Every structure is written in C-alpha cells, then in structure tokens.
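The structure under discussion appears below in the form of structure tokens.
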Amino acid sequence: MVFQNKVAITTGAASGMGLLFAQNFAALGGQILMCDINAAVLAQKASEINADHNGAAAYAVCDVRDYNAVSDAVQKAVELFGRVDVLVNFAGGAETRMCNHPGVFPDVPIEVYDWGIDVNLRGQLYFDHAVMKQMIKQHSGVIINIGSITGLEGCASEVAYSSSKSGAMYGLTRSVALAGAPHGIRCNCVSPGPVLTRANMADMKTIMGRAAEPQEIIDVVLFVASDKASYLTGENILVDGGRLITRIKE
C-alpha cells in the first residue's frame, strides 16, 4: 500500500492509534494533517514525523465537538496540501473513564453522557460532513469511521460510548456511504476489539487468547484507506480477534 501524493486527516492524533496512523501514512509516502485537542503534544508529534519525512505532517488543534474548528481543520489541510483523500476519525473515548466519573447509569451526571455522545458520534459526523464538501469537489475520497466491539456488546458502565459507537458503525457509516457514492467517495467503519493501547485491555477475552497490538488495527485501516479496497463501501469491519464469537458462546 502506497500513499504517494495522497493527503489524509486523522483525529485523536496526539497519541494512540491516531498518532500511529499518522506515522504509518507518512512512512508510506502520504501527507497528513494531525488533529487533536492537546496542542503541545500534537506539535511535538508532528515535528517528530517531519524529522523523518520532511514536510509530510502538519497539525490543527481541534475539539471535534466544535464544528467551526472541524471546518477550519479541513480547510487547513486543503490550503497546505491541496486536497483531502482520506479521513480517519480516531478521536474518542469512554466517557466515565475520560471524565473520571464512574458509577451506575442513573447516578452518572447527564453531562458525562453528553460528552460521550458529542466526542464519539457527533465528532465523527462533523468531520464526515466537513470533509465531504472537499471530496465532492475532487470526485474522490475515503472516509473511515472508528467503531468498537462495545458498540455490538453494549456496556452498562459506558452507555454513551456503546451507543455512539453503534451509531457510527451502522447508521452513520451507511448513510455517508450512500451520500458519497455518486461522487466517488467511499465510507467504511473499522471496529476494534480489545487493543493494547491500555494494559487492562489484555483482560478482555478473545478466541485468539490475546488483545491486538495497535499496529494490527492500523494495518486494517491502511488497507481500507488504500486503492486495494476500491470496491469496499458502507461496511463495518470488525477486528476483534474473535471476541464477539466468545461472547455469543457465553
């Protein structure tokens, strides 16, 4: 998979799989606009990529809950690189963990769930909407939403996360695929199972007996973003090491 003369935007790019995607995309010849709310770390990570791949990376400080900031980020990519070929929506997180407010569903403040819906679903919709305007002008593009096995399983402790990921995996992805198809735009979702971005992910059961290394998820995302997947659209690709089968057996 080669991304020479291709331009991508990735969210959640200051850490985790968003950062790993940016590093991989640049290494494969592409140019990348890295978006995150963490300005200091984002600038550092973009600089590190440019040290190895001169001019491949730029960044935009962006809260995915703010549509104006999202639109500005897309415009910055166009101004710097001339186009946007790929969008990957990695920004997200489980609301009670990220907001440090665990508890039983009705005892958690509704503002915590608002945060979860806004970041995990609204943020993806915002970026899909903003980037499609540019992709329609180009008559091409690939949009990749990020789901989760939790969107299929449900989760009593992370209700907004589960609900949002389910919405991204099916309603959002299929709708954007339908809207984009007449313009040569593909939209798919990649939904990881447990991934070793945090140590406790190793405790989630899979039939393979382990959690995924982050690179294993990124390799699937890169394939979906590439011309190798040119006939793939409107799909949710579950990369879970067989965890869903395990849950069905239980």
Side-chain angles (χ1 to χ4, degrees), residues 1 3 6-28 30-38 41-42 44-46 48-49 52-53 56-57 59-64 73 85-95 97-98 116 119-121 123-124 127-128 131 142-152 158 161-162 164-165 168-169 172-173 187-204 206 208 210-226 229 235-241 243:
M1 291 175 286
F3 294 99
K6 297 288 188 180
V7 176
I9 296 174
T10 183
T11 67
S15 62
M17 289 192 288
L19 173 58
L20 187 57
F21 174 82
Q23 293 166 334
N24 276 254
F25 196 83
L28 291 168
Q31 295 173 301
I32 183 88
L33 182 77
M34 303 166 64
C35 299
D36 201 284
I37 200 169
N38 191 331
V41 176
L42 185 63
Q44 176 189 342
K45 296 304 181 182
E48 290 172 1
I49 291 175
D52 294 327
H53 310 285
Y59 69 91
V61 179
C62 178
D63 184 339
V64 300
D85 299 290
V86 178
L87 164 69
V88 190
N89 284 304
F90 276 112
E95 66 278 1
R97 177 176 59 84
M98 299 294 289
V119 171
N120 293 295
L121 181 57
Q124 299 202 63
F127 258 98
D128 291 359
V131 84
V142 180
I143 294 171
I144 302 175
N145 297 321
I146 299 297
S148 170
I149 183 65
T150 308
L152 290 170
E158 307 291 356
Y161 182 79
S162 176
S164 299
K165 290 300 187 179
M169 291 158 72
L172 179 61
T173 293
C187 180
N188 292 288
C189 186
V190 174
S191 297
V195 186
L196 292 172
T197 49
R198 300 197 317 279
N200 66 350
M201 292 293 99
D203 298 331
M204 294 177 68
T206 71
M208 296 184 71
R210 64 177 180 85
E213 294 294 336
Q215 187 64 48
E216 292 179 293
I217 306 302
I218 296 303
D219 287 343
V220 176
V221 174
L222 290 166
F223 168 74
V224 175
S226 77
E235 294 297 333
N236 177 55
I237 299 97
L238 182 63
V239 192
D240 72 335
R243 176 171 171 80

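Treat the numbers as computed from the prediction; the structure is a model and nothing was measured.
When side chains are defined from C-beta on, Ser226 does not count as touching Val224, because their heavy atoms never get closer than 4.5 Å. Side-chain contact between Asn200 and Asp203 is present, with heavy atoms from C-beta onward closer than 4.5 Å. For the pair Glu216/Asp219, no side-chain contact is recorded, criterion being any heavy-atom separation below 4.5 Å from C-beta on. Contact check for Lys6 versus Val86: no side-chain heavy atoms found under the 4.5 Å cut-off. Two residues are said to be in side-chain contact when any heavy atoms from C-beta on lie closer than 4.5 Å; Arg97 and Arg198 meet this criterion. With contacts defined as side-chain heavy-atom distances shorter than 4.5 Å, the pair Leu152/Met169 qualifies. Considering only heavy atoms from C-beta on, Leu222 comes within 4.5 Å of Phe3 through its side chain. Residues Pro194 and Thr206 meet the side-chain proximity criterion, which asks for heavy atoms closer than 4.5 Å.
Ala73 approaches Ala60 most closely through the heavy-atom pair CB-CB, 4.0 Å. The shortest heavy-atom contact between Ala225 and Val142 is O-CG2, 3.9 Å. Scanning all heavy atoms of the two residues, the minimum distance from Ala212 to Ile217 falls at CB-CD1, 4.1 Å. The two atoms that bring Ser164 and Gly116 nearest to each other are OG-O, 3.5 Å, heavy atoms only. In terms of heavy-atom proximity, Val195 sits nearest to Ala211 at N-CB, 4.3 Å. Heavy-atom minimum distance, Ala57 versus Met34: CB-SD, 4.1 Å.
In this structure, the separation between OG1 on Thr10 and CZ on Phe127 is 9.0 Å, given to the nearest 0.5 Å. Annotation: the span from Thr173 atom OG1 to Asn145 atom CG amounts to 4.0 Å, rounded to 0.5 Å. We find the CD1-CG distance between Ile149 and Asp240 to be 4.5 Å, quoted to the nearest 0.5 Å. Residue Ile32 holds its CD1 atom at 7.5 Å from CD1 of Ile49, rounded to the nearest 0.5 Å. With values rounded to the nearest 0.5 angstrom, Ile9 atom CD1 is found 6.0 Å from Leu87 atom CG. One finds the CZ atom of Phe90 at 5.5 Å from the CE atom of Met17 (value rounded to the nearest 0.5 Å).
Put simply, the side chain of Ser148 never gets that close to the backbone of Ser191: no donor and acceptor are under 3.5 Å apart. A donor-acceptor pair under 3.5 Å links the side-chain atoms of Ser162 to the main chain of Thr150, judged by distance alone. In terms of modelled atom types and a separation under 3.5 Å, the side chain of Asp85 and the main chain of Val7 share a donor-acceptor contact. A donor-acceptor pair under 3.5 Å is formed between the side chain of Asn120 and the backbone N or O of Gly93. A donor-acceptor contact shorter than 3.5 Å is absent between the side chain of Gln31 and the backbone of Ala26. For Asn188 (side chain) and Glu235 (main-chain N/O), a donor-acceptor pair under 3.5 Å exists by modelled atom type.
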Practice task
Kindly indicate, with the supporting measurements, whether the criterion side-chain hydrogen bond (donor to acceptor under 3.5 Å, both in side chains) is fulfilled by Gln23 and Asp52.
Solution key: CA-CA 10 Å; Gln23 293 166 334; Asp52 294 327; over 6 Å; no

Problem - Verdict with supporting geometry, Val88 and Val221, side chain to side chain contact (heavy atoms under 4.5 Å, CB included) - result: CA-CA 8 Å; Val88 190; Val221 174; 4.0 Å; yes

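Ion pairing between Lys165 and Glu158 fails under the 4.0 Å rule for side-chain N and carboxylate O.
No more than 12 heavy atoms of other residues, nucleotides or ligands sit less than 6.0 Å from atom OH of Tyr59.
Only one option out of Val64, Leu42, Asp63 pairs with Asp36 in a side-chain contact (heavy atoms from CB on, under 4.5 Å); it is Leu42. When each of Leu172, Asp128, Ile144, Leu121 is tested with Asn89 by the rule side-chain contact (heavy atoms from CB on, under 4.5 Å), just one qualifies, namely Asp128.
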